[in-house]
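For the single chain, residues carry numbers from 1 onward in sequence order.
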Amino acid sequence: MIEARVFSLRSREEADQYSDALALQVRAMSSPHPVLCADHRPVRIYPQAVTDRLIELFVEMNTRLERVAILVSQTNATLFLQLQRIVREAGYENRRVFHEPEDALPHLGAVLDADELASARAFLAEYTPG
């Protein structure tokens with residue numbers, strides 16, 4: 001399982017760096033199709049250039065990742081809608097956007113073992129807003 005916490009992506013260049021780092025992690029995994037738990041709760045909003053790059057990244061990763069859970073703060077409806085649109089445009093039914101870890105964990109848990117699920121739970125519990 002890959003865990004990623006995104007604090008901000010302000011430009012296409014930063015989104016490219018994120019994309020490169022994620023691709024490196026995917027290649028390093030022993031599983032041919034790892035699971036991604038991506039915590040975007042610290043993010044406020046993505047500029048259009050970043051949105052465009054994320055769509056490209058998500059499409060590229062459709063065949064590489066088995067499942068993806070993306071977390072967005074309950075108080076950030078704009079980012080939630082933005083990421084839902086990106087996910088929809090990328091067209092992969094095993095990538096979903098969630099507000100609550102308790103909702104995301106069953107999605108991931110369908111393909112994770114108990115230790116991996118515990119790791120995902122601990123990773124998501126680490127984040128505290130502010």
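Side-chain contact of Arg41 with Asn76: a donor-acceptor pair under 3.5 Å is absent, judged by distance alone.
Atom CG of residue Asp52 and atom CG of residue Leu57 lie 12.5 Å apart, to the nearest 0.5 angstrom. Interatomic distance, CD of Glu89 versus CD1 of Ile55, reported as 4.0 Å (0.5 Å rounding). A distance of 13.0 Å separates CZ in Phe98 from CG in Asp39, rounded to the nearest 0.5 Å.
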Next item on the list: Starting from the C-alpha separation in whole Å, work towards a yes-or-no answer on side chain to side chain contact (heavy atoms under 4.5 Å, CB included) for Leu9 and Leu54.
Entry: CA-CA 10 Å; Leu9 297 171; Leu54 288 176; 4.2 Å; yes

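Figure legend: cation-pi geometry between Arg5 and Tyr127 absent, as NZ or CZ is not positioned both under 6.0 Å from the six-membered ring centre and within 45° of its axis.
For the pair Ile45 and Gln82, the minimum side-chain heavy-atom distance is below 4.5 Å. Between Ser19 and Glu56, every side-chain heavy-atom pair lies at or beyond the 4.5 Å cut-off. Annotation: side chain of Ile70 is in contact with side chain of Arg95 (closest heavy-atom distance under 4.5 Å). Proximity of Cys37 to Ile2: side-chain heavy atoms (C-beta onward) are nowhere separated by under 4.5 Å. Under the 4.5 Å side-chain criterion, counting only non-hydrogen atoms from C-beta, Val111 is not in contact with Asn94. Taking 4.5 Å as the limit, some side-chain heavy atom of Phe80 sits within range of a side-chain heavy atom of Gln84.
A perpendicular orientation is assigned to the rings of Tyr46 and His40, their planes being inclined by more than 60° (bins at 30° and 60°).
At least one donor-acceptor pair closer than 3.5 Å links the side chain of His99 to the backbone N or O of Ser73. Side-chain atoms of Tyr18 do not come within 3.5 Å of backbone N or O of Val6 as any donor-acceptor pair.
Between Glu13 and Arg53, no side-chain nitrogen of the basic residue sits less than 4.0 Å from a carboxylate oxygen of the acidic one, so the salt-bridge criterion is not met.
Heavy-atom contacts from other residues, nucleotides or ligands closer than 6.0 Å to CZ of Arg85 number more than 12.
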